[in-house]
Amino acid sequence: MADYQRRTVLSPADILEKADDFLLQSIGLERSDQSEENISYAGNEGTVILSLHRHGPYTSVTATTDRLRTSRIDYEIQKFLTELPYEPGDRPGRGSGDPTQ
C-alpha cells in the first residue's frame with residue numbers, strides 16, 4: 001500500500017468530478033463506495049481511496065492504493081494529483097522544472 005498527498009485550491013466536489021473522469025478513462029476504475037470524506041474507486045488494476053479534507057481555501061487530498069509504488073495504479077494516481085492546481089491560476093501538470101515544458 002502507498003499513500004500520496006496533495007494540497008489544492010479545488011473544492012472536494014471539483015476533485016471528485018476530475019477523479020471520476022480521470023480514473024475511469026486512464027485505468028478503468030469506478031467509484032465503489034463513498035462516505036462523507038472518503039471515496040473508493042476499484043477496478044482490475046486495484047483500489048484507491050481518496051480522502052478529502054477542506055481547510056479554509058484549500059483541500060487536502062490523500063490517495064491510498066492497495067498496490068506497490070511501482071504499479072500502474074500508483075503511477076496514474078501520482079499523475080492525477082499533479083493535475084490538481086496548488087494555487088489559483090496554476091497550470092495543471094508538472095512544475096516549471098520539467099524540461100518538456
Side-chain angles (χ1 to χ4, degrees):
M1 289 182 73
D3 290 340
Y4 304 95
Q5 294 183 327
R6 174 79 172 181
R7 187 172 94 160
T8 180
V9 295
L10 294 180
S11 70
D14 290 336
I15 295 165
L16 288 180
E17 183 178 325
K18 288 184 177 297
D20 285 347
D21 290 343
F22 183 88
L23 297 175
L24 176 62
Q25 291 177 10
S26 66
I27 44 179
L29 299 183
E30 293 188 14
R31 201 184 294 194
S32 61
D33 193 19
Q34 182 173 351
S35 66
E36 190 171 318
E37 294 181 335
N38 296 317
I39 301 87
S40 298
Y41 293 86
N44 291 337
E45 295 290 335
T47 301
V48 64
I49 299 170
L50 295 181
S51 299
L52 309 174
H53 302 280
R54 190 71 177 177
H55 301 284
Y58 296 98
T59 302
S60 175
V61 182
T62 302
T64 304
T65 69
D66 67 342
R67 303 296 165 118
L68 298 175
R69 287 188 182 271
T70 56
S71 70
R72 180 170 178 226
I73 193 172
D74 283 73
Y75 170 78
E76 296 294 342
I77 288 300
Q78 291 176 63
K79 191 168 140 184
F80 168 71
L81 292 175
T82 64
E83 295 295 316
L84 303 177
Y86 181 70
E87 294 287 346
D90 281 353
R91 292 187 337 223
R94 297 178 68 180
S96 60
D98 182 6
T100 62
Q101 287 189 2

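- Remark: R72 engages E45 in a salt bridge (charged side-chain N to carboxylate O under 4.0 Å, His left out) (not counting sequence neighbours).
- Partners of R31 according to the salt bridge (charged side-chain N to carboxylate O under 4.0 Å, His left out) rule, which considers only residues two or more places apart in sequence or in another chain, are D20.
- Evaluation of the side chain to side chain contact (heavy atoms under 4.5 Å, CB included) rule for Y75 yields K79 as partners, not counting sequence neighbours.
- Listed by chain and residue number, nothing satisfies the salt bridge (charged side-chain N to carboxylate O under 4.0 Å, His left out) test with D33 (two or more places apart in sequence, or in another chain).
- For the side chain to side chain contact (heavy atoms under 4.5 Å, CB included) test, residues two or more places apart in sequence or in another chain that qualify with I49 are N38, S40, S51.
- Under the side chain to side chain contact (heavy atoms under 4.5 Å, CB included) criterion, T64 pairs with M1, D3, T62, sequence neighbours left out.
- Sorted by first and then second residue, the salt bridge (Lys or Arg N to Asp or Glu O under 4.0 Å) pairs involving residues 7-16 (not counting sequence neighbours) form an empty list.
- Among residue pairs with one or both ends in residues 46-59, none qualify as salt bridge (Lys or Arg N to Asp or Glu O under 4.0 Å); sequence neighbours excluded.
- Side-chain contact between I77 and L23: present, with at least one pair of heavy atoms (C-beta onward) separated by less than 4.5 Å.
- Taking A42 as the reference, S32, T47 meet the side chain to side chain contact (heavy atoms under 4.5 Å, CB included) condition, with sequence neighbours excluded.
- Side-chain contacts under 4.5 Å among hydrophobic residues (ILVMFWY), followed directly or transitively, place V9 together with Y58.
- Pairing each heavy atom of L50 with each of A19, the nearest pair is CD1-CB, 3.7 Å.
- By the ring-ring contact (aromatic ring centres under 6.0 Å, His included) test, Y41 is found to be paired with no residue, residues two or more places apart in sequence or in another chain being considered.
- In terms of the ring-ring contact (aromatic ring centres under 6.0 Å, His included) criterion, residue partners of F22 (sequence neighbours excluded) are, by chain and number, F80.
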